[in-house]
Amino acid sequence: MAFSKLPDDVISQIISLTTPRDACRVSSVSTSFRSIADSDQVWLKFLPPDHDKLVLPQVSPKKSLYLHLCDHPVPIGGNRNMVSARFETWSEPHIFSLDKKSAKKCFMIGARELAIPGGDDYRSWCWIAEPNSRFDQVAQLLFAGWFHIKARLETKMLSPKTRYAAYLVFQFRCHKSGFHRPAVSCVSVESDTDTHREWPTVVLDPGEGEPRSTRERGDGWLEIEMGEFYNENGDDGTLECSFKEVDEYTLRSGLVVEGIELRPKETY
């Protein structure tokens, strides 16, 4: 039987088992296919199953909502944007979005939600408003011999069967200093059966001619990969991302941290 002769609900079911990109391609085949490929029945499958737990913009149809969440990250957290009570202890919203290619969840954990030892010491850190940040405040390192930044997130917040990478999102002030030396980062899932951790080294501000691992994001910020992990079932425990420089013989200043972002590895 020709594909076009199948019942509409069967065609929509087939399309929903593909990817958002494939659905858009099918939509361009013909007018009759477009109505099916663009239907709510198809695009509801691409939205996260728990998307109804979020207070999302009133955007319809579902395809438009999907594309909106890809291009316009939504702040969640605190009592402002969440329906579910389990998020009510968050003091600063996280940023939630969808990866346009894979429909996987992405999260940005804001600086206020990070664990930064000494972050309340005005001699070392200060909290500032940054015009090009999606958060109310970001953290600026004023002057310190060492620093340690950590983020924690329950793996059930992320998409299962997905390899994720964690990225430190930052920028420098003009008076930056001390970031030419290797720092160590770690991304791991805390569980009773997995305690092994690897601590790769990265350099935030390498010297002239040295390999550069940072990347310009296009939004005024830089990012550097901290590590990756595979989210198997989504109930594996608590994800911990850590970034630290502990060489107290090097004084550092000028680092501004927006947060730590988690997004699917295989799509980048």
Side-chain angles (χ1 to χ4, degrees), residues 20 46-57 65-116 130 133-139 149-170 185-190 215 217-219 221-243 257-268:
F46 297 139
L47 290 169
D50 58 351
H51 75 278
D52 57 340
K53 299 294 192 300
L54 301 173
V55 178
L56 300 177
L65 176 59
Y66 176 89
L67 295 175
H68 182 88
L69 293 176
C70 294
D71 297 330
H72 301 87
V74 177
I76 61 173
N79 294 319
R80 289 181 287 176
N81 293 80
M82 295 302 300
V83 173
S84 175
R86 62 179 176 170
F87 299 99
E88 291 182 357
T89 59
W90 292 358
S91 57
E92 177 76 2
H94 293 35
I95 297 294
F96 164 76
S97 63
L98 294 178
D99 179 80
K100 185 173 291 187
K101 298 178 183 177
S102 65
K104 304 292 188 178
K105 297 178 183 177
C106 306
F107 278 94
M108 167 86 87
I109 304 172
R112 273 293 187 186
E113 191 66 16
L114 302 177
I116 306 178
E130 186 66 29
S133 174
R134 291 171 290 182
F135 296 94
D136 294 336
Q137 291 184 319
V138 297
I149 299 170
K150 291 195 298 183
R152 293 167 64 88
L153 186 74
E154 295 299 317
T155 57
K156 61 187 176 183
M157 294 292 298
L158 302 171
S159 298
K161 309 296 182 184
T162 304
R163 180 163 296 279
Y164 278 92
Y167 300 85
L168 179 70
V169 181
F170 67 99
S185 64
C186 178
V187 176
S188 63
V189 177
E190 295 182 349
R215 186 183 77 90
R217 291 168 52 90
D219 59 0
W221 295 86
L222 301 171
E223 69 178 21
I224 192 166
E225 183 174 332
M226 301 170 59
E228 60 184 72
F229 73 102
Y230 186 72
N231 192 34
E232 178 67 35
N233 299 313
D235 58 356
D236 303 322
T238 302
L239 172 70
E240 183 174 290
C241 307
S242 175
F243 188 93
V257 177
E258 184 182 29
I260 292 177
E261 185 172 59
L262 297 157
R263 63 176 189 255
K265 173 74 173 181
E266 61 266 24
T267 59
Y268 288 85

Nearest heavy-atom pair of [X] and [Y]: which atoms, and what distance?
X	Y	value
F243	M226	CB-CE, 3.8 Å
L262	Y164	C-CD2, 4.1 Å
A111	V257	CB-O, 3.4 Å
K100	P20	O-CB, 3.9 Å
P264	K104	CG-CB, 3.4 Å
I116	A139	CD1-CB, 4.1 Å

Side-chain heavy atoms of [X] within contact of [Y], under 4.5 Å:
X	Y	value
F107	S97	no
E258	F135	yes
V187	C241	yes
E225	L168	no
M108	H94	no
P73	R134	yes
V189	T238	no
V169	R217	yes

Quiz prompt | Distance-only side-chain donor-acceptor flag, E240 / S188, under 3.5 Å | solution =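 Note: E240 and S188 side chains miss the donor-acceptor criterion.
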
To the nearest 0.5 Å, tell me how far [X] [atom1] sits from [Y] [atom2].
X	Y	atom1	atom2	result
F46	L67	CZ	CG	11.0 Å
N233	T155	CG	OG1	9.0 Å
S185	I224	OG	CD1	7.5 Å
I260	L114	CD1	CG	5.0 Å

Quiz prompt | Residue pair E223, R263: steps toward the salt bridge (Lys or Arg N to Asp or Glu O under 4.0 Å) verdict | solution = CA-CA 12 Å; E223 69 178 21; R263 63 176 189 255; 2.6 Å; yes

Self-check item: Under 3.5 Å: donor-acceptor pair, side chain of Y167, backbone of L222
Solution: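 Side chain of Y167 to backbone of L222: no pair is present.
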
Self-check item: Heavy-atom donor-acceptor pair, N231 side chain to S159 backbone, under 3.5 Å
Solution: yes

Practice problem: Show the numbers, then the answer: is there a salt bridge (Lys or Arg N to Asp or Glu O under 4.0 Å) between R112 and D136? | Solution: CA-CA 9 Å; R112 273 293 187 186; D136 294 336; over 6 Å; no

Quiz item: What pairs with P48 under side chain to side chain contact (heavy atoms under 4.5 Å, CB included), at least two apart in sequence or on another chain?
Solution: D50, H51, F96, L98, K105

Self-check item: R163 NZ/CZ over F229 ring centroid, <6.0 Å and within 45° of normal
Solution: no

